[in-house]
Every structure is written in C-alpha cells, then in structure tokens.
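Both counts, for ligands and for their atoms, begin at 1 and track the order of listing.
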Amino acid sequence: MSSIFTRIIRRELPAYIITEDDKCIAFLDINPLAKGHTLVVPKIEVDYLFDLPDEIYSHLWSVSKRITRALDQCGWGTRVGVAVIGLEVPHAHIHLVPIRNLHDLDFSKPKLRLTSEEFEEIKNTIIACLSKL
Ligand code: 5GP
C-alpha cells in the first residue's frame with residue numbers, strides 16, 4: 001500500500017502544493033497548527049527521515065530553508081518552528097510551522113479548521129513569497 005503522501009505525489013489525492021522538484025514536494029498540512037503549516041516530503045517513500053540517503057536528506061533541509069524564508073514574509077508568525085514527528089504518516093516529512101511562542105508548536109493542541117478557499121489563499125500567498133526570493 002502506498003502512503004497518503006505518495007498518493008499526493010502521484011496526484012491520486014488532492015493537496016495544496018507549494019513547490020515540487022524531482023526529489024521532494026511541499027504542501028500544506030491538512031490539519032494545520034497555524035496558517036502556513038507546511039510539510040516537506042521526499043518523493044521516495046522512506047518512513048523515518050533519518051533513514052533517507054544523505055543527498056535527499058540534505059536536499060529536504062535546503063528546500064525547507066527556502067520555504068521558511070517565504071513563510072517569514074507571510075506574517076503568520078515571528079519564527080518558523082520545525083518538527084520531525086512521523087507518528088501518524090509513515091512517510092518521512094518535515095513540519096514547518098509559523099509560530100509566535102512555544103505553545104504554537106504544541107501538536108496536542110486542537111488544529112485549525114480552514115475552508116478550501118482559505119487553504120487556497122494561504123497556498124497562493126506562500127507561492128507569491130517564494131517567487132520573490
Ligand atoms: P506525523 O506523521 O508527523 O505525526 O503527522 C502527519 C501530518 O500529516 C499531520 O500533521 C497531519 O495533519 C498531516 N496529514 C495527514 N494526512 C494528510 C493528508 O491527507 N493531506 C495532508 N495535506 N496532510 C495530511
């Protein structure tokens with residue numbers, strides 16, 4: 001069985017995609033902790049981030065840095081918090097979450113409920129910021 005994220009990569013499931021290249025894809029988390037909560041995911045289906053080949057592992061962090069620079073411009077937080085959890089989806093990913101304080105990175109908090117229009121607007125805002133980098 002392919003992971004949910006592989007199915008997003010193959011376009012079998014929808015997602016609000018921010019950016020993509022031959023090695024990775026980034027899309028909005030469907031149950032976000034904050035506006036702009038983004039997942040950066042390798043295209044190869046490896047469960048644990050730290051089992052990735054070095055080249056892909058480094059690339060994910062480099063793409064994460066670029067997306068963070070864009071999120072920094074979007075105004076949803078004063079910083080971007082980073083988390084590697086992987087308890088729910090067994091396909092490696094990095095969480096990028098705009099935060100203002102420590103509590104904002106608490107994954108046990110209730111998640112935001114956003115409409116598809118809100119997700120779409122957030123996606124377009126991040127893409128616009130990325131394009132200006
Ligand atoms: P983790 O595996 O790091 O514990 O959590 C997986 C994350 O993926 C969660 O924050 C969850 O909201 C997100 N997620 C789970 N299923 C989907 C999905 O189908 N689409 C998107 N965009 N995010 C998902």
Under the 3.5 angstrom rule, does the side chain of S108 hit a backbone N or O of D106 as a donor-acceptor pair?
-> no
ILVMFWY cluster, L105 and W76 together (side-chain gap under 4.5 Å) = no
Do you reckon L13 sits in the same ILVMFWY cluster as I17, going by side-chain contacts under 4.5 Å, direct or chained?
-> yes
Ligand 1 atoms nearer than 4.0 angstrom to some heavy atom of I30 are 17 (C), 18 (C), 20 (N), 21 (C), 22 (N), 23 (N), 24 (C)
Ligand 1 atoms nearer than 4.0 angstrom to some heavy atom of H93 are 1 (P), 2 (O), 3 (O), 5 (O), 6 (C)
Report the part of [X] in contact with ligand 1, treating N, CA, C, O as backbone and CB onward as side chain, heavy atoms under 4.0 Å; options are side chain, backbone, both, neither.
| X | answer |
| --- | --- |
| K111 | neither |
| V84 | neither |
| F107 | neither |
| N31 | both |
| Y16 | neither |
| L13 | neither |

What do you reckon, is CD of E55 surrounded by more than 12 foreign heavy atoms closer than 6.0 Å?
-> no
If hydrogens are left out, which of [options] has an atom nearest to [atom], that is, the closest non-hydrogen atom?
| atom | options | result |
| --- | --- | --- |
| atom 7 (C) of ligand 1 | T38, D29, I8, V41 | D29 |
| atom 5 (O) of ligand 1 | H37, H91, E88 | E88 |
| atom 22 (N) of ligand 1 | I94, L28, I4, L49 | L28 |

Kindly indicate, with the supporting measurements, whether the criterion side chain to side chain contact (heavy atoms under 4.5 Å, CB included) is fulfilled by Y16 and I122.
-> CA-CA 9 Å; Y16 300 95; I122 291 164; over 6 Å; no
Lys/Arg N to Asp/Glu carboxylate O, K35 vs E118, below 4.0 Å | no
With a 4.0 Å cut-off, would you call E88 and K111 a salt bridge?
-> no
H91 and its side chain to side chain contact (heavy atoms under 4.5 Å, CB included) partner, picked from I9, L39, I44 = I9
Is the closest heavy-atom distance from A15 to ligand 1 below 4.0 Å?
-> no
Is there side-chain contact between I99 and T78, with at least one heavy-atom pair below 4.5 Å?
-> no
Polar contact flag for F27 and ligand 1 (N/O pairs, less than 3.5 Å) = no
Compute the shortest N/O to N/O distance between L39 and ligand 1 and return yes if it is under 3.5 Å, no if not.
-> no
